[in-house]
Amino acid sequence: MEEFSKNYEPASVEEKWNRHWKEKKYFKSVPDSRRPFTVVIPPPNVTGVLHMGHTLNETVQDILVRRARMKGFNACWVPGSDHASIATEAKVVGMLKERGIDKNSLSRPEFLKYAYEWKEKYGGIIYSQVEKLGCSVDWDRVTFTMDDDYYKAVMKVFVDLHGKGLIYRGARMINWDPSAQTALSDEEVEYKDLQGKLYYIRYSITDEAGKEILNPLTGEKGIVIATQRPETIMGDTAVCVNPNDERYSHLKNAKAIVPLINRSIPIIFDEYVDPAFGTGALKVTPAHDINDYNLGLKHNLEVVDTLNADGTLSEAAQIYVGEDRFAARKKIIAGLTEKGFIVKEEEYATRLGYSQRTGVVVEPRISTQWFLKMKPLAEPALKAVLDGEITIHPGDKFLATYKYWLENVKDWCISRQLWWGQQIPAWYDDKGNVVVAENEEAAKKLYAAQYGENNSNAVLTQDEDVLDTWFSSWLWPMEVFKGISSPGNSDIAYYYPTSVLVTGQDIIFFWVARMIMAGLEYNKEKPIEKAIPFKDVYFTGMVRDKQGRKMSKQLGNSPDLLKLIDAYGADAVRFGIMISSPAGNDLLFDNASLDQGKFFNNKLWNALKLVKMWEKKIDASLPVGDQFATQWFESRLNEVKAEVEKLFSEFRLSEALKTIYSLIWDDFCSWYLEWVKPGFDQPISADVYNKTVAYFTELLQLLHPYMPFITEEIYHSLEERKEDMCVKQLTPVADSNSVYLGEGELLKQAITALRDARVKNRIKPKDEISLHIETGNPDKYNNIRSILGKQVNAPVMHIADTAEKGNISLVIGKDKFYVHSALPADHAAQKEQLEKDLAYQKGFFTSIAKKLSNERFVQNAKSEVVELERKKLADAEAKIKAIEESLARLD
RNA sequence: GGGAGCAUAGCUCAGCUGGUUCAGAGCAUCUGCCUUACAAGCAGAGGGUCCGCGGUUCGAACCCGUGUGCUCCCA
């Protein structure tokens, strides 16, 4: 027989089962006659390693997938990663810089070679982490958003949507990332509150002839405007005031002179300006502010773009050309101050947009980009959720957010000035004519057809830009099954729609909403329940550190997953993160919960050791004997199985784990195993042993989705098995017997109370007592008396309607318990306990009595409730009587 | 500025449809145990004005209003 180590050692066990599962191809899925349960991994991007947020995510998915597999579903979990266009390109550029290579010195194909090198390295790290965590993914289905077919699918969708008029190209004010030098979508901008400064700058005013005008009301020179961005004054093309503002009514047809560069710009009048804000005069810089841009359109203003793509000042600025925008700001302030243009400075609370990926301040910029019209796609996506076709968990906490975004969605800027990604399938001739087609050949044909045979030899150049990564990942639930590149294939027909999407709430717009849009757009011919990409969305919370801070690279408070697995084992990590993870709420990650997982491993391990010790003690000739323990545990097990079933249906995974944990630790280890434990040198009946192994097996099955490795290991250690736990089917829930459950509760209560009395009276566990129970219903102890005697070391026990008084008395339920012990009893402690109980019961009695004496309660409350209260009153009365009698005995 | 959510034991949180499953769990704390599965353990115990105020109701941690404090999303 194999020897068991003192404590559970996860490392070798986890390695062994990972290899075994993989060899057996248990997690490979092909369509068959079973119902599918499909989950697509939200693609972690290839820029780094898995953080704790991913760990939570992957664990939740694995739990759902493993349980589905154990319930007879054909479970298919597709792993993959996305190319994270902007973030990866930034990393690759950084890597090149370290090697002394400038991106601009490379051709596009050369750069992409380096990018793929990066992707191979970091994508590989992520996959090995997913595997170490025990994720039961189908490794034959690994998908990357830049795979050939995937790439083609993205092209196809672009061309299709362009053909439908949903994709268009145009010059708009967009969010510009000067570091990555690309456009961003609205969602990629994060706003932060900060303390800025408002500068009041005086512009002089002239009439049409160029003669200076003074304010007739105040005699002041010029006009004062307030701005946060003095470095943009060179891009000013007007000063705007409210037409109803009397302070400025003398400025009709006047001109303002931009300081430092002395450009003359018109004064315009528009009610857009709030006279109460600042000085009531607004400088208008259409190239660098969205509101100014709109104002400029309305008033036909010139647009002067004073910034280059990299955030330095352009030739158009005339001064400080080539200086960074923030450096230029300082110099301009100095220049303005020196020349007396600055009237005052003021502290000002403001909000700035930062690039989510590079962290730099985003610059509003007018730029020609490709856009996707969102309104027509948003409407059905909103409807699907509002109609309940897709359910968001937990509760509908995020429903309002989802609804608001979709109702107010703006067109999506999908082009990025990058190389790493799907290159936009648009081709231009030298005159700027454009054709959109899936590839160059098709583009040429289309061009010839559109622009005539004469031009068929024209040189076509493909758009330099690539598409936003989310423009590929929104196809994920379909294209991992080649649903776009090869529609109607047997995989997509079987696996789509997927069952549940598990993801962080932070990408509800980036990904979840857009996946729903794409799913509905490309499955229009199907009924809605077949068109949606998933039926349920489960949002996990954010993982924070112990102090409640977000985990981030800057703070360095995110632990390294592989180190955690080395220290605790993957099962303990999974346990730790799930036990502290209420659905949808943020969780404070603390190694203490991993310790709890590790301790739990040991508890299971030691239970195994105990049961294996019994194996040697089986005596087949032994009669079945006392069956209460097994009867009770079987009922308890079924009760919990039903509970877990319900919790899973509500996606309350943390609750379910707590329930299973307590069933194993408390009910199975602390109660059941102790109850059936044979005495020293005593045999165990085959019946009890076999049932114990069967119960243990079921417990392991319940726990397996959470802690796959140790459960598989113990399952095989318990006895010879033909199949593996990860594919063993769960047994259906059976009825539980409420009589056994009630008797079990009474037994536990009596054991606890008697143990407490022993501790308080300093009776050692080895000291025997005899027990006299006075009860009106002696029969209720029939099933439990032998276990009770064993657990409280009371070889002698009398149960009758009158009892011989002992030296310790206590009241359990309505019954009086008298303990006879050779040792002197602590009367004071007993008295104190009894008096405390009495006070509680009396208070309880009074409150119930008061309730029942209230006529309106008796009239209005449901009859069951009133009946229950009457029973409570009677019980309390009986208890009070028993306690009082015991107290009287003590005096 | 608009919207959403949260406040229960020292900490992290459960608490469903208002009524013994109503004040609960885990961790932490305290006491006693080297009891042959487990000291990473066992057996016990203590600990709460359910954020403040008002209302609805026979009855409120739970429903409504309001104040305070915190978090998140959007502009």
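So that the names make sense, note that chain A is the first sequence line, chain B the second, and so on, each numbered from 1. Being a predicted model, the structure only gives us computed values, none of them experimental.
With hydrogens and angles ignored, a donor-acceptor pair closer than 3.5 Å exists between the side chain of A/Glu674 and the base of B/rA37.
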Scoring nucleotides 18-32 of chain B by protein non-hydrogen atoms under 4.0 Å (B base, S sugar-phosphate only, - none) yields -BB-----S------
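The partner of B/rA37 is absent, by the rule that a Watson-Crick or G-U pair needs both atom distances under 3.5 Å. Searching all strands for a Watson-Crick or G-U wobble partner of B/rA14 with both distances below 3.5 Å returns nothing. Remark: B/rU71 base-pairs with B/rA4. Criterion, Watson-Crick or G-U wobble with two distances under 3.5 Å. Across all strands shown, B/rU21 forms no Watson-Crick or G-U wobble pair with both key distances under 3.5 Å. Judged by Watson-Crick or G-U wobble contacts below 3.5 Å, the nucleotide B/rG52 has B/rU66 as its partner. Base pairing analysis places B/rA60 opposite nothing; no Watson-Crick or G-U wobble pair with both distances below 3.5 Å involves it. Under the Watson-Crick or G-U wobble criterion, with both distances below 3.5 Å, B/rA43 is paired with B/rU31.
Nucleotides B/rU56 and B/rC62 have their C1' atoms positioned 13 Å apart, rounded to a whole Å. Straight-line distance between the P atoms of B/rG48 and B/rG41: roughly 27 Å, to the nearest whole Å. To the nearest whole angstrom, the two P atoms, one in B/rU57 and one in B/rG47, are 36 Å apart. Look at the P atom in both B/rA60 and B/rC42: the space between them is 41 Å, to the nearest Å. The separation of B/rC6 from B/rA43, taken at their C1' atoms, amounts to 38 Å, rounded to a whole angstrom. Distance noted for atom P between B/rA75 and B/rC70: 24 Å (whole Å). Look at the C1' atom in both B/rA4 and B/rA9: the space between them is 29 Å, to the nearest Å. Separation of the P atoms belonging to B/rG54 and B/rG59 is 16 Å when rounded to the nearest angstrom.
Rounded to whole Å, the distance from CD on A/Gln791 to C1' on B/rU35 is 12 Å. In this structure, A/Glu190 places its CD atom 12 Å from P of B/rC72, rounding to the nearest Å. Look at CZ on A/Arg351: it is 8 Å from P on B/rA75, rounded to the nearest Å. In this structure, A/Asp506 atom CG and B/rC74 atom P are separated by 10 Å, rounded to whole Å. Residue A/Lys603 contributes atom NZ, which lies 8 Å from atom P of B/rG41 at whole-angstrom precision. Rounded to an integer number of Å, the gap from A/Asn591 CG to B/rC11 P is 21 Å. One atom, CG of A/Asn408, and another, C1' of B/rA75, lie 10 Å apart when rounded to the nearest Å. Following rounding to the nearest Å, A/Leu594 (CG) and B/rU12 (P) show an atom-to-atom distance of 18 Å.
Between A/Met707 and A/Gly597, the shortest heavy-atom distance links the atoms CE-O, 4.1 Å.
Remark: A/Thr752 is in phosphate contact with B/rG44, judged by side-chain N or O atoms under 4.0 Å from OP1 or OP2. For the pair A/Trp665 and B/rC42, the criterion of a side-chain N or O lying under 4.0 Å from OP1 or OP2 is met. OP1 or OP2 of B/rC33 has not a single side-chain nitrogen or oxygen of A/Lys766 nearer than 4.0 Å.
Here the nucleotide nearest the side chain of A/Asp756, chosen from B/rG44, B/rC38, B/rA40, is B/rG44. In the set B/rC42, B/rA39, B/rC73, B/rC73 carries the atom at the smallest distance from any side-chain atom of A/Phe509. With B/rA43, B/rA37, B/rG15 as the candidates, the nucleotide lying closest to the side chain of A/Arg652 is B/rG15.
Ring orientation note: the planes of A/Trp605 and A/Tyr8 are tilted relative to one another, at an angle of 30° to 60°. Using cut-offs of 30° and 60° for the angle between ring planes, the A/Phe600 and A/Tyr661 rings count as perpendicular.
Residue-level contact check: A/Arg758 touches neither bases nor backbone, having no heavy atom under 4.0 Å from any strand.
Here the options are A/Phe668, A/Tyr672, A/Tyr689, the test is ring-ring contact (aromatic ring centres under 6.0 Å, His included), and the partner is A/Tyr695; only A/Tyr672 passes.
Look at B/rU20: its glycosidic torsion is within 90° of 0, and that puts it in the syn range.
Taking 4.0 Å as the cut-off between side-chain N and carboxylate O, A/Glu650 and A/Arg652 count as a salt-bridged pair. Remark: A/Glu643 does not engage A/Lys646 in a salt bridge, criterion side-chain N to carboxylate O under 4.0 Å.
In terms of the salt bridge (charged side-chain N to carboxylate O under 4.0 Å, His left out) criterion, A/Lys603 has no residue partners (sequence neighbours excluded).
For the pair A/Ile751 and A/Tyr404, nearest-nucleotide mapping onto RNA chain B gives the more 5' position to A/Ile751. Nearest-nucleotide assignment on RNA chain B puts the 5′-proximal partner with A/Lys646, out of A/Lys646 and A/Arg755.
The aromatic ring centroids of A/Tyr568 and A/Phe575 lie 6.0 Å or more from each other. Aromatic rings from A/Trp470 and A/Trp412 are positioned such that their centres are separated by 6.0 Å or more.
Of the possible polar contacts, none joining the A/Ser670 side chain to the A/Asp667 backbone as a donor-acceptor pair under 3.5 Å is found.
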